[in-house]
Amino acid sequence: MTRDRALLALILLAFWSALAYSGSVSPLFLPEPHAVVVSFWRGLVSGSILRDIAATMARVLTGFLLGGAVGVTGGIFLGYWKRLHNASIPFLDFLRSVPVTAILPLFLLAFGIGDTAKIAAIAWASALMMLINTVLGVASVPPTRLMVAATLRASSYQRLVHVILPDALPQIFIGIRTAISFAVVVAVVSEMLLSTTSGIGASIYNSSVMYRTEDVYVGIILTGAIGYLLNLATARLDARIVHWRAR
Amino acid sequence: MGGVSYIEVADLSVAYPDPSAANRHLLAIDRLSLSIPKGAFISIVGPNGCGKTTLLLCLAGILKPTSGNVRIAGVAPGKTTCGYVFQNYRESLYPWLTVLDNIALPLWLDGFARAKARQAATELMATLNIELPVDRFPYTLSGGQQQLAALLRAVIHKPAVLLLDEPLGSLDVPSRADLCDAVQRIWQAIGATTVLVTHDLDEAIQVADTVVAFTPRPARVADTVEVPLPRPRSRDILHDPQVVVWRDRVHRAMTGGRDS
Ligand SMILES: Nc1ncnc2c1ncn2[C@@H]1O[C@H](COP(=O)(O)OP(=O)(O)OP(=O)(O)O)[C@@H](O)[C@H]1O
Ligand SMILES: [Mg+2]
């Protein structure tokens, strides 16, 4: 498995090298691999890469945590209030279909070009994902599990804490995994669109307008790596905490 | 059924919305009356889908009757402590809790500290001489072990009313016999008024003071057979000629007089 992956990576790298070094693709679109490595190294040494990663991650995590808290709370609320939930389904589907990039200008108008607008956009996207998944989890607790609590005369608080939330946890985790991947996307896009000096998105944007394609590639690879690692981490956490998924 | 009535079911009817036709209803129980003395053990037998689970849900206060009345110790069901083994035992155990925590859950919800509740669970198993892999999660257990855990959870808080919906269905024959004994011992130890639903006529007769046979849906009482035999009873009583007669009678009542 690991060997196959390494092999595939080598093949892709060879393909890239062949295209770039043969000169069949302009370095403006596809820089030579060693140029990207050099550019990456320079960024590391100067500290600009770490600064960008830190800036982007800070936005991702702040936005995700704020939005996640709102989304889970709202999801529990909607999960209990079936009537409101049923009424809100088309609206939630509508909101989910609106790309966050389309409403970025609204955040810009509301919060200016500072960090707040970006974090608000990330929080918005995360809240929506978490809300939709939490409602789903809370509303689909198997009846027998609720009946067990009822026969034991559990209070509404006990029902929530001992049955409904644990039972919704697998679905909440699906929300976490979707939301955090999405948060990275929104962070990078908003860093590109709302003029910024820090963050991976800003670095990609600024490099592109100066035709420093190898720096654009560094940014792309960093974004992919962050998304990949976050997904891996949440998947691990999920497997450890929600050991009963689909049981 | 002699004695002062503890569980009183009067003219109970339950209708479900008919899943195949909107605005139509499906009568599961039809004007059923039943009176169970305090501390009694009754078995209910009846054909599939006749309304046995529906009755237990009403006794637990989970399902509201369409008409008629259920009273336990003179008050509405749901006010008395209750232990319930659900027919769907697999879904009833919480997969996020270990087997031990599942068994301890009722005490835990009653406000006992978690450690205390666990200790009580361990003690209960020791008293009943039951062994289970308590540190594992329920979904890793066999069906029979899960039923055992569900049974222990239903009795750990010494409920006043014990409702058992096919609690031994997934057990092999030897475990079934063991558990049948365990159920009787538990019942004698905690004195709960017990209603057992089962498809096994032998089991129904072996453990109960009274066997009630239901008609096909909608459930009504087809026949009531008293089993005045001394306890504890082993499976040997099943060879008793009297028991054979009772068994036949229950069987005939269930099938509506037809000989199968
Ligand atoms: N939620 C429901 N909605 C509609 N119909 C239902 C519902 N629950 C049960 N019924 C119907 O009511 C009747 C009685 O169901 P119940 O579960 O009480 O039967 P039972 O005697 O326990 O059967 P079994 O021996 O198979 O467990 C059945 O015909 C069933 O299809
Ligand atoms: Mg049933």
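Just so you know, these numbers come straight off a predicted model, no measurement behind them. So you know, we letter chains A, B, ... as the sequences are listed, proteins then strands, and number each from 1.
For residues 151-169 of chain B, a heavy-atom distance under 4.5 Å to chain A picks out B/Arg153, B/His157, given by residue number. Residues from residues 96-119 of chain B that place a non-hydrogen atom less than 4.5 Å from a non-hydrogen atom of chain A comprise B/Trp96, B/Leu105, B/Pro106, B/Trp108, B/Leu109, given in numerical order.
For A/Val242, no part sits under 4.5 Å from any heavy atom of chain B, backbone or side chain.
Aromatic ring orientation, A/Phe111 versus A/Phe107: parallel (interplanar angle below 30°, classes split at 30° and 60°). Ring planes of B/Trp187 and B/Phe41: perpendicular class, angle over 60° (limits at 30 and 60°).
In this structure, OG1 on A/Thr116 lies 11.0 Å from CG on A/Leu194, to the nearest 0.5 angstrom. Rounded to the nearest 0.5 Å, atoms CG (B/Leu132) and CE (B/Met125) are 4.0 Å apart. A/Thr56 OG1 to A/Leu61 CG: the interatomic distance, rounded to the nearest 0.5 Å, is 10.5 Å.
Dense packing is recorded around CG of A/Asp93, with more than 12 heavy atoms of other residues, nucleotides or ligands lying under 6.0 Å away.
Listed options B/Cys82, B/Pro138, B/Pro77, B/Ala60 were ranked by heavy-atom pairs under 4.5 angstrom with chain A; first place goes to B/Cys82. The candidate from A/Leu146, A/Val148, A/Asp167 with the greatest count of non-hydrogen atom pairs under 4.5 Å with chain B is A/Val148.
Looking at A/Thr144, its side chain never comes within 3.5 Å of a backbone N or O of B/Glu91 through a donor-acceptor pair. Looking at A/Arg245, its side chain does come within 3.5 Å of a backbone N or O of A/Pro170 through a donor-acceptor pair.
Looking only at atom types and distance, the side chain of A/Arg59 has a donor-acceptor partner in the side chain of A/Ser198 under 3.5 Å away.
Of all non-hydrogen atoms in A/Leu104 and A/Ala121, the two that sit nearest each other are CD2-CB, 3.7 Å. For the pair A/Ile200 and A/Glu191, the tightest heavy-atom approach, listed with the atom from each and the gap, is N-OE1, 3.3 Å.
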